[in-house]
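So the structure is just underneath, and the comments pick up after that.
Nothing here was measured: the structure is a model prediction, and the numbers come from that model.
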Amino acid sequence: MIEALSVVLSQAQATGGAPALEPQAAAAIAVGLAAIATGYAQRGIGSAAVGAVAEDSDNLISGLIFTAIPETLIIIAFVTIFIVG
Amino acid sequence: MSATGSSNPEYVNARVRSRRAALFAEEDYRKLVRMGTGEIARYMEETEYETEMNELGARHSGVDLIEYALNRNLAKNFEDLLDWADGELHNLIANYLRKFDAWNAKTAIRGAYSGASPDEIQTDFIRAGEFDDELLDSLANAGSIEEIVELLDGTIFEEGLEAAFEDFEDQDVLVPLENAIDKTFYEHLLDDVNTITLNPNSPKGLYVEVLQAEIDFRNVRNALRLSRTGTDLDPEEYYIEGGKLFKEGELRQLVGSFDDLVEYIRDSPYGEDLSNALADLSEAESLSAFEQALDAALLEYSDTLSHSHPISICSALSYILAKEREIENVRAIARGREVGLSVDEIETELVVI
């Protein structure tokens, strides 16, 4: 990820005057990173939720809610698109 | 599932915690101690134990039914645990569950010694360890202790048993054999873990701490028993390595004097947890109350760890200990009711936290 960024940066510098990273590109990176973070958080929560539901299906609702909580990360990151767009 | 891949403590933790919550609580025990064996069996049919009770109900009855259902349920639960766990977690749990290999080996030896039939031995096995069905079947069918020792060649118990078998042939008592099995089990518990380089605050370090506590308590129990009965058995033979409390060589001196031994335990890191029990011990005649206190202390300790480190093996370990305790409690109640002990007497045998 960081290597890709530096490649983008050096290409941008090579072309001269233009900013290192277009705002839209930066927003895209922000959304992408947030998506990875969401996935990472949901990995643990999801497996715990599946375990809890397997033991007792009454846990389904709370399991779903807890699994969905990290979605807030990606939703907030989504806002950046509208800010730069 | 398997020993490969990475650990999945989140999944195991969620399932184990749910089962831990479903174990009998204090009020269940309060009801159970007032029931007859038939009622206990009926009560168990409405809980966790339903499948086992129905399976075994046709063949057994009374206390035997309860006991076999308990054993079978225990085995099923622990097999599940191994099914869920992956990677390192699986290895650590499997190591701990060798406890039941030790139990099965001892059952087979006792059975052969007392001349029980293969069927009787089979029903007393708890099929939760590493031994496969084939090995267990041949253990049950082996007619003599010598055959059993031969069958156990190639398992972890091989080494200690061979030396112990010579003792057994000399004296014709089972103690050296059983002791060798227990010792081997505890000494292999810490096999995969390097205790020297381990960070004591990491989850694995805490796991080691629970195991060390268990070994220490086992040593304390043996030492107190030896000291109280005043036998001339050599305490060093019963010493299990791997604990923190006693060093090899110390035990012989301490067992000589009961008061010194109690004082030594009081000054140890466990002194605080056990202080009440130790005070009782100095006055009380029987050791059993103190032994219950040791069990309760270990349960509480492992519970605390499972709460502070949910993403580790600690919760699985605390579940194993709690489940075993439940089995022992229900068995004590059923057996106690059968021989007509009073409610108070049975209650002193229970360990409830």
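- When every heavy atom of Glu10(B) is checked against every heavy atom of Gly44(A), the shortest pair comes out as CB-O, 3.5 Å.
- Here CZ of Arg43(A) is found 8.5 Å from CG of Asn8(B). Values are rounded to the nearest 0.5 Å.
- Counted within 6.0 Å of OH on Tyr43(B), heavy atoms from surrounding residues, nucleotides or ligands total more than 12; the atom is thus considered enclosed.
- Minimum interatomic distance between Ala48(A) and Ala14(B) (heavy atoms only, all atoms of both residues): O-CB, 3.1 Å.
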